[in-house]
Amino acid sequence: MFLFHSNHHNNNHLPPVKTNGIESLIGNTPLILINSLSNYFNCEIYAKLELNNLAGSAKDRVALSIIKKAEKDGLIKPNNNDVIFEGTSGSTGISFATIASPLGYKCHISVPSDTSDEKLLLLKTLGAEIDKVSPASIVDPNHNVNIAKKLADQLTNDKSTNSVGFFANQFENEQNWKTHFDTTGPEIYSQLNAQIDYFVHGCGTGGTITGVSKYLKSKSSTVKTYLADPQGSGFFNRINHGVMYNNVEREGHRRRHQIDTIIEGIGLNRITKNFLAGEDLIDGAIRVTDDQALKMAKFLLVNDGLFWGSSSAVSCVAAIKLAQKQSQKGKKIVVIACDSGNRHLSKFWKEASKISSDISIEEILK
């Protein structure tokens with residue numbers, strides 16, 4: 001006869017019961033030590049698991065915060081057929097699409113036409129109305145972000161309805177970085193008992209790197225921030241050389257894609273308000289190639305069971321480049337694990353899966 005003995009004192013280690021709906025499932029994400037990378041470099045490389053949020057990405061915090069702030073400011077109200085509009089490469093749209101309906105709103109997302117199939121399918125499944133827009137420069141009226149703003153304005157100005165169109169504007173809306181200052185930064189600081197040396201992250205809107213850096217540096221003068229930048233993006237040159245360009249753009253060539261990389265979610269060739277709010281806090285930038293990111297993603301899957309998206313892999317490559325320096329032994333480095341590899345199957349992981357399972361750290365750093 002099998003007897004189950006309950007150890008009541010162990011219940012203290014169980015997560016608390018969530019009683020506040022979707023809001024209780026956003027934030028307070030785990031922080032884990034990446035064992036393979038930490039052991040190799042004799043330091044501590046941690047990942048903040050933002051993929052554990054409700055809709056599976058770091059953008060959940062921002063989407064919720066932007067909606068709540070808009071409600072507070074009287075710009076929108078629930079259950080009024082008001083519509084949240086956003087232009088995004090996918091993850092922010094998925095966050096808005098997930099939380100819009102339970103909060104009493106509809107959702108309309110404009111995405112580049114080359115967004116991965118799984119993101120498009122997920123947006124549709126979540127009930128969002130989708131516009132697929134040909135990739136274009138931000139100065140082009142037909143850029144997906146500009147299309148989202150235009151449609152929001154059209155709905156708001158439509159006299160035949162009381163519905164309001166709200167343009168979330170994640171790139172320029174400073175509620176973005178403030179959310180990470182108020183939540184993500186304090187969580188990281190607390191989880192590491194105020195012991196952190198480096199924060200490493202990519203830059204898309206600029207909200208996460210700005211908000212987290214502002215908080216960490218307000219608590220410690222010794223914390224340093226490094227920006228992990230994919231190939232083709234201008235932030236590496238902006239931070240390290242003061243001029244935001246890459247060689248292709250400097251030569252005046254026009255390309256179909258703004259950023260010549262397989263990486264989604266980070267990398268730009270323009271300055272956003274969220275980035276400007278924290279640019280002076282960034283101590284350096286580290287360039288990461290597509291090849292290095294693909295190899296890192298496969299390495300983490302094989303050695304740690306971590307199936308992560310492309311921007312997370314970029315940050316991990318930058319972290320080990322930082323750790324490679326002799327002076328970084330024993331230091332604590334934190335990256336953000338933004339989303340799961342499930343969102344990158346048809347593009348990034350289609351290539352990463354081809355890499356040999358015995359990939360080494362030395363090969364990643366080549």
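We count residues from 1, following the sequence as given.
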Taking it one step at a time, do W308 and L49 satisfy side-chain contact (heavy atoms from CB on, under 4.5 Å)?
-> CA-CA 10 Å; W308 290 349; L49 300 187; 3.8 Å; yes

| request: Kindly determine whether T161 and N81 satisfy side-chain contact (heavy atoms from CB on, under 4.5 Å), including the steps that lead there. | output: CA-CA 9 Å; T161 177; N81 288 320; 5.9 Å; no

Apply side-chain contact (heavy atoms from CB on, under 4.5 Å) to T225 and K217, showing your working. CA-CA 9 Å; T225 294; K217 294 199 172 200; 3.8 Å; yes

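Listed by first and then second residue, the salt bridge (Lys or Arg N to Asp or Glu O under 4.0 Å) pairs involving residues 177-192 are K48-E187, R61-E187 (not counting sequence neighbours). Among pairs with a residue in residues 56-93, those fulfilling ring-ring contact (aromatic ring centres under 6.0 Å, His included) read F85-H108, at least two apart in sequence or across chains.
Side chains of E172 and N169: a donor-acceptor N/O pair is absent below 3.5 angstrom, by distance only. Judged by distance alone, the side chains of Q328 and Y198 do bring a donor and an acceptor atom under 3.5 Å apart. No side-chain donor-acceptor contact under 3.5 Å links E86 and T92.
Remark: N162 CG is loosely packed, at most 12 non-hydrogen atoms of other residues, nucleotides or ligands lying under 6.0 Å away. Atom NZ of K273 is surrounded by 12 or fewer heavy atoms from other residues, nucleotides or ligands within 6.0 Å. More than 12 heavy atoms of other residues, nucleotides or ligands sit less than 6.0 Å from atom NZ of K332. In the displayed structure, K298 atom NZ is contacted under 6.0 Å by more than 12 heavy atoms of other residues, nucleotides or ligands.
With hydrogens and angles ignored, the 3.5 Å screen pairs no side-chain donor or acceptor of E351 with any backbone N or O of D291. Using a distance-only test at 3.5 Å, with no hydrogens or angles considered, no donor-acceptor pair links the side chain of D339 to the main chain of G56. Panel note: side chain D283, backbone Y226; no donor-acceptor pair is recorded below 3.5 Å. The backbone N or O of S95 sits nowhere less than 3.5 Å from a side-chain atom of K59 that would complete a donor-acceptor pair. A donor-acceptor contact shorter than 3.5 Å links the side chain of E118 to the backbone of H344. A donor-acceptor pair under 3.5 Å is formed between the side chain of T272 and the backbone N or O of T205. No side-chain donor-acceptor contact under 3.5 Å links N142 to the backbone of S134. Here the side chain of S218 pairs a donor or acceptor atom with the backbone of Y215 at under 3.5 angstrom. Checked by atom type and distance alone, the side chain of N42 never pairs as donor or acceptor with a backbone atom of K329 at under 3.5 Å. No donor-acceptor distance shorter than 3.5 angstrom exists from the side chain of N35 to the backbone of D304, with no hydrogens or angles considered.
Counting heavy atoms from C-beta on, the side chains of C338 and S57 never come closer than 4.5 Å. For the pair I364/I320, a side-chain contact is recorded, criterion being any heavy-atom separation below 4.5 Å from C-beta on. Residues S163 and D82 form a side-chain contact, since some pair of their non-hydrogen atoms from C-beta on lies under 4.5 Å apart. By the 4.5 Å heavy-atom criterion applied to side chains, P78 and L103 are not counted as neighbours. Looking only at side-chain heavy atoms (C-beta outward), C316 and L37 come within less than 4.5 Å of each other.
Remark: L64 CG to I26 CD1 distance equals 4.5 Å, nearest 0.5 Å. With rounding to the nearest 0.5 angstrom, the CZ atom of F171 is 7.0 Å from the CD1 atom of I138. Considering CG of N176 and CZ of F181, their distance stands at 14.5 Å, rounded to 0.5 Å. Annotation: the span from I209 atom CD1 to H201 atom NE2 amounts to 6.5 Å, rounded to 0.5 Å. With rounding to the nearest 0.5 angstrom, the CZ atom of F199 is 8.0 Å from the OG1 atom of T184. Once rounded to the nearest 0.5 Å, the distance linking CG of L227 with CD1 of I282 reads 5.0 Å.
L33 and S38 get closest at one heavy-atom pair: CD1-OG, 3.3 Å. Shown here for V212 and I188, the closest heavy-atom pair between the two residues is CG1-CD1, 4.1 Å.
Checked options Q231, K366, K321; the residue passing with Q292 is K321 (criterion: side chain to side chain donor-acceptor pair (under 3.5 Å)). Checked against L322 for a side chain to side chain contact (heavy atoms under 4.5 Å, CB included), the options D197, V200, V317 give a single hit: V200.
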